[in-house]
Amino acid sequence: MTISASATDELLVEQQDRTLILTLNRPERLNAISPDMLGELSAKLVEANKDPDIRCIVLTGAGRGFCSGLDLVAVGQGGIGGRETTRGQNRPRQLFDLRDAPINVMWNIDTPVVCAINGAAAGYGMDITLLADIRVAAASAKMAAVTAKRNVVPESGGTWLLPRLIGWAKAAELYYRARTIGAEEALEIGLVNTVVPDDELMPTALQWAGEIADNAPMAVQTTKRMMRMGLEESYDTAVDHLMVHLGAMFQSEDFEEGVRAFLERRKPQFTGR
């Protein structure tokens, strides 16, 4: 399969081997999320998750920022969030439905996502980074937990994700004080996996993605699913689910290839079957 071209130039799509690169492309607005970008990002994530040839997704931003959050101009005009303006009043058009929003799609897909944070990530943009499995940060990257300065909340999963990633107290510090932290502090508190010089960001992210893609996709994706489900399961339930998956994996061609490669002391060539 081949991933289709983006329907908007606000999201760039590129495939390198078994890695899909998605680039938020509104550099003049620090990649603020527009309605077109929002819909297309969801569509490409879903498409990649269904494509057996895509084994990892790298998400980054164009220019000097990763994502400054939702485009407040579009929000004010009713362009994001399912609202329309009538006679000067904002009136709900329908009950909100987030099932197809990038934040829920990123959470539910089994294909690993590596976020290459090339600059500031704020609001919705910061939440997107939290939803990635792995965060590689450029030295110039910043994480801006500044929603309290706008009289809004981290509506895109941040209040659920951040305490689980760095602990309650540190998450409270960032959100309540509306702090912006640099890459090194983000690394120190465990918010990013590594920090690299700016010009090494994409090479590093792609190297990590390539290492993920070299592994058995069924094993990687099942591990991600079990980690996600395990957050809400008891230990006994999680182990039981793992054993069900393991039984099927023992019957796969990739399991046989993994054993042969080990015995023959060579790199395995996994097909996903």
Side-chain angles (χ1 to χ4, degrees), residues 21-34 37-38 41 45 57-72 75 101-107 112-206 208-209 231:
I21 305 169
L22 299 177
T23 304
L24 306 178
N25 188 40
R26 298 183 77 205
E28 74 284 356
R29 297 296 305 275
L30 295 178
N31 300 316
I33 297 286
S34 70
M37 185 191 291
L38 198 69
L41 179 57
L45 289 167
I57 300 167
V58 172
L59 178 61
T60 192
R64 60 188 180 88
F66 173 74
C67 178
S68 58
L70 290 176
D71 188 335
L72 296 181
V75 171
I103 53 172
N104 279 352
V105 172
M106 285 184 69
W107 175 250
V113 179
V114 175
C115 192
I117 310 171
N118 58 301
Y124 197 101
M126 179 173 169
D127 287 347
I128 288 176
T129 71
L130 303 182
L131 283 157
D133 301 285
I134 293 171
R135 285 165 290 281
V136 178
S140 62
K142 295 180 180 180
M143 303 289 267
V146 295
T147 49
K149 290 185 177 180
R150 309 287 184 265
N151 194 35
V152 293
V153 295
E155 81 289 354
S156 306
T159 52
W160 192 90
L161 291 159
L162 194 61
R164 286 167 167 78
L165 290 169
I166 63 174
W168 181 283
K170 187 57 71 172
E173 176 190 339
L174 265 60
Y175 280 142
Y176 302 172
R177 296 177 63 194
R179 290 196 60 209
T180 297
I181 62 173
E184 289 298 335
E185 184 174 352
L187 178 63
E188 180 182 343
I189 64 176
L191 190 50
V192 299
N193 295 75
T194 190
V195 176
V196 298
D198 287 17
D199 61 354
E200 295 180 16
L201 177 65
M202 285 307 292
T204 301
L206 290 172
W208 287 31
L231 292 172

Nearest-0.5 Å distance that lies between atom [atom1] in [X] and atom [atom2] in [Y]:
X: Leu131; Y: Ile103; atom1: CG; atom2: CD1; answer: 7.0 Å
X: Leu165; Y: Arg135; atom1: CG; atom2: CZ; answer: 5.0 Å
X: Ser156; Y: Asn104; atom1: OG; atom2: CG; answer: 9.0 Å
X: Ile33; Y: Asn31; atom1: CD1; atom2: CG; answer: 8.0 Å
X: Asp198; Y: Arg64; atom1: CG; atom2: CZ; answer: 13.0 Å
X: Glu173; Y: Leu162; atom1: CD; atom2: CG; answer: 10.5 Å

Can you tell if the side chain of [X] reaches within under 4.5 Å of the side chain of [Y], non-hydrogen atoms only?
X: Leu45; Y: Leu22; result: yes
X: Leu130; Y: Leu191; result: yes
X: Met202; Y: Ile21; result: yes
X: Val136; Y: Val58; result: no
X: Leu174; Y: Met143; result: no
X: Thr180; Y: Lys149; result: no
X: Ile134; Y: Pro112; result: no

Non-hydrogen atoms of [X] and [Y] that approach each other most closely:
X: Ala139; Y: Ala183; answer: O-CB, 3.8 Å
X: Asp127; Y: Gly158; answer: OD1-CA, 3.3 Å
X: Met126; Y: Ala121; answer: CB-O, 3.6 Å
X: Phe66; Y: Leu24; answer: O-CD1, 3.7 Å
X: Tyr124; Y: Pro102; answer: OH-CD, 3.6 Å
X: Ala116; Y: Ala205; answer: CB-CB, 3.9 Å

Kindly indicate, with the supporting measurements, whether the criterion side chain to side chain contact (heavy atoms under 4.5 Å, CB included) is fulfilled by Ile117 and Val192. CA-CA 9 Å; Ile117 310 171; Val192 299; 4.2 Å; yes
Looking only at atom types and distance, does a side-chain atom of [X] sit under 3.5 Å from a main-chain N or O of [Y], one as donor and one as acceptor?
X: Asn118; Y: Gly63; value: yes
X: Ser68; Y: Arg29; value: yes
X: Arg164; Y: Trp160; value: yes

Check whether more than 12 heavy atoms from other residues, nucleotides or ligands sit under 6.0 Å from atom CZ of Arg179, and answer yes or no.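 Result for CZ/Arg179: enclosed.
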